[in-house]
Amino acid sequence: SSSCDDTQMPESPAPSPKALTELPLLPLGTVLFPGALLPLQLFELRYLQMIGECERQGTGFGVVTLTQGREVHRPGEAAEQFEPIGTRIQIERIERPQAGLVLVWCRGVARFQIHSTAQRSDGLWRAQVQALPPEPSLAVPEHLQHLSDQMHGALQSLSAQPSVVPQWNEAWRLQDCGWLSNRYGELLPLPLTMKYRLFALQEPLMRLELVGDLVAPAEPSAKNPSGPGEKPPANS
């Protein structure tokens, strides 16, 4: 039939070649959540060339989380290995304070899944990646409202700090499970494996529920040491 209902399409395990795009990769000892700002200092030749190519072509690159190896490769060391889900970035600002050093402010845009990788002779990783579907917009449920309140205070104090590039470049969606849980993933001081686990979850409500387990609601009289900011006084 000529009509096509996407909701009835079976999920195909192998993406069509059209669904894949090629991205240069920057493996880092961090997890970059969509919407988060990532300032970088790049000095390795492979990444200076990558940034030059991105600038000329108006493209971005992908940030992936290291599981083995270091951010700066040294001869004789094990090759980098990284997690299969990463973040496509857009470049918001570039500065070149001196020869051989580039400062780049990147914004996490969207998650992708790696399907294959290849390493160039200069050490730069390139990958065939598939964009993960955008997350549905889900309202924050009543029992997790304290997370929205706490994050509001944290964002206000962080946004007041001077910054070359705005920390967040969009309206705060404090009642959206995906946006709110991404901010907690970005700001909570969690072990890398836990951050990646939150990041790789493609269920915004489940991610926020997990955050709720990590950030217990504070007693009205006590400060919450695990939250990104002090809990504002409860409105009774």
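Just the heavy atoms: all of them, side chains too, but no hydrogens, waters or symmetry mates, feed the values below. This chain uses plain numbering: 1 for the first residue, then up along the sequence.
- Side chain of Gln81 to backbone of Gly69: no donor-acceptor contact under 3.5 angstrom is found.
- The OH atom of Tyr47 sits 8.5 Å away from the CD atom of Glu71 when rounded to the nearest 0.5 Å.
- Proximity of a side-chain donor or acceptor of Ser181 to a complementary backbone N or O of Gly178 within less than 3.5 Å is detected.
- Note on Leu192 and Met194: same hydrophobic cluster, where clusters join Ile, Leu, Val, Met, Phe, Trp and Tyr whose side-chain heavy atoms are under 4.5 Å apart, directly or indirectly.
- Residues Val31 and Leu180 fall within the same hydrophobic cluster, defined by Ile, Leu, Val, Met, Phe, Trp and Tyr side chains chained together at heavy-atom separations under 4.5 Å.
- Side chain of Ser148 to main chain of Leu174: a donor-acceptor pair is present (N/O by atom type, distance under 3.5 Å, no hydrogens or angles).
- With hydrogens and angles ignored, the 3.5 Å screen pairs no side-chain donor or acceptor of Thr87 with any backbone N or O of Gly108.
- Look at Glu55 and Arg96 and you find a salt bridge, because one of the NZ, NE, NH1 or NH2 atoms lies within 4.0 Å of a carboxylate O, short of that distance.
- Interatomic distance, CD1 of Ile114 versus CG of Leu20, reported as 12.0 Å (0.5 Å rounding).
- The closest side-chain heavy-atom distance from Gln202 to Ile85 is below 4.5 Å.
- Looking at Glu135 and Arg207, a side-chain N of the basic residue comes within less than 4.0 Å of a carboxylate O on the acidic one, giving a salt bridge.
- Of the possible polar contacts, none joining the Tyr184 side chain to the Val215 backbone as a donor-acceptor pair under 3.5 Å is found.
- Between atom SG of residue Cys177 and atom CD of residue Glu203 there is a gap of 11.0 Å, rounded to the nearest 0.5 Å.
- In this structure, the side chain of Glu22 does not engage the main chain of Arg126 through any donor-acceptor pair within 3.5 Å.
- Note: the hydrophobic cluster containing Trp179 also contains Leu132 (ILVMFWY, side chain heavy atoms under 4.5 Å, direct or indirect links).
- In Gln57, the CD atom is crowded: over 12 heavy atoms of neighbouring residues, nucleotides or ligands sit closer than 6.0 Å.
- Under the 6.0 Å distance and 45° angle rule, Arg107 does not count as a cation-pi partner of Trp105.
- One distance of note links CG of Leu103 with CD1 of Ile51; it measures 10.5 Å at 0.5 Å rounding.
- Considering only heavy atoms from C-beta on, Met50 stays 4.5 Å or farther from Glu44 through its side chain.
- Judged by distance alone, with hydrogens and angles left aside, the side-chain atoms of Lys195 form no donor-acceptor pair with the main-chain N or O of Phe33 at under 3.5 Å.
- Judged by distance alone, the side chain of Arg111 and the main-chain N or O of Phe199 form a donor-acceptor pair under 3.5 Å.
- Between Leu201 and Arg197, every side-chain heavy-atom pair lies at or beyond the 4.5 Å cut-off.
- In the hydrophobic clustering of ILVMFWY residues, with side-chain heavy atoms under 4.5 Å counting as a link, Leu38 and Tyr196 come out apart.
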